Amino acid sequence: MDEELHERVREVIASVPAGTVATYGDVAALAGAPSPRMIGRILSEDGHDLPWHRILRANGTPAPHLVHRQLELLRAEGVLARGQKVDLRTYRWHPEP
DNA sequence: GTTGTGACTCCAT
DNA sequence: CATGGAGCCACAA
């Protein structure tokens, strides 16, 4: 049944609309993942098809080696970042009922 | 079986 | 803002 979790995570990430971002914790919670760490691992292996650039850390900063990449892609979608930090308060994705 | 590492988060100092 | 400890799961050696 862990495959479903895998699918769920992918689905949640794919559900994040352009111009918005989500945190690892949010994705983990929405997908029912056991821990936010799994999100990173899944992205690292199966994130090639997913908008992984819309996934940020809890403080609004992307992962260390992708920082530049993330911010550039996000900027292309209209998500402006201040230095390395994105305004989660403004761009954080809010799932609709 | 343990140990170390990782695209993590939270809280205390 | 920096640092450290605790919690968490998966995988390689």
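Protein chains get the first letters and strands the later ones, always in sequence-line order, with residue 1 at the start of each. Hydrogens, waters and symmetry mates play no part in the numbers below; they use all other heavy atoms, side chains included. Everything numeric in this text was worked out from a predicted model, so none of it was measured.
Summarising the geometry, the separation between CG on A:D46 and C1' on C:dA10 is reported as 14 Å, rounded to the nearest angstrom. Between the P atom of B:dT9 and the CG atom of A:L56 lies a distance of 9 Å, rounded to the nearest Å. When rounded to the nearest whole Å, the span between NE2 of A:H6 and P of C:dA10 equals 13 Å. A straight line from CD1 of A:I42 to C1' of B:dG6 spans 14 Å, rounded to a whole angstrom. For A:L43 and B:dA7, the CG to P distance is 11 Å, given to the nearest whole Å. As a whole-Å value, the separation of A:N59 CG from B:dC10 C1' is 12 Å.
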Report, one pair per line, the protein and nucleotides 1-7 of chain C atoms (nitrogen or oxygen only) whose separation is under 3.5 Å.
unit_1	atom_1	unit_2	atom_2	d
C:dC1	OP2	A:K85	NZ	2.9

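Partners of A:E77 by salt bridge (charged side-chain N to carboxylate O under 4.0 Å, His left out), not counting sequence neighbours, listed by chain and number: A:R54.
With A:Q70 contributing its side chain and A:P62 its backbone, the two residues share no donor-acceptor pair below 3.5 Å. In this structure, the side chain of A:S44 does not engage the main chain of A:G40 through any donor-acceptor pair within 3.5 Å.
The distance from the CG atom of A:L80 to the OH atom of A:Y91 is 4.0 Å, given to the nearest 0.5 Å.
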List the steps and the verdict of side-chain contact (heavy atoms from CB on, under 4.5 Å) for A:W93 and A:I55.
CA-CA 10 Å; A:W93 175 44; A:I55 309 303; over 6 Å; no
What do the steps show when you test A:L73 against A:W52 for side-chain contact (heavy atoms from CB on, under 4.5 Å), and what is the final call?
CA-CA 10 Å; A:L73 291 165; A:W52 53 270; 4.1 Å; yes
Decide side-chain contact (heavy atoms from CB on, under 4.5 Å) for A:L43 and A:I13; before the verdict, give the C-alpha distance in whole Å, the side-chain angles of both, and the deciding distance to 0.1 Å.
CA-CA 9 Å; A:L43 282 178; A:I13 296 173; 3.5 Å; yes
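Atom NE2 of A:H68 sits in a sparse spot, with 12 or fewer heavy atoms from other residues, nucleotides or ligands closer than 6.0 Å.
Residue whose closest nucleotide on DNA chain B sits further toward the 5' end, between A:R57 and A:M38: A:M38.
Within residues 61-77 of chain A, the residues that place at least one heavy atom under 4.0 Å from DNA chain B are, in residue-number order, A:A63, A:H65, A:L66.
Taking every heavy atom of both residues into account, A:R92 and A:T23 meet most closely at NH2-OG1, 3.2 Å.
Using C1' as the reference atom, C:dG5 and B:dA7 are 22 Å apart when rounded to the nearest Å.
Note on A:R41: a side-chain N or O is less than 4.0 Å away from OP1 or OP2 of C:dC11.
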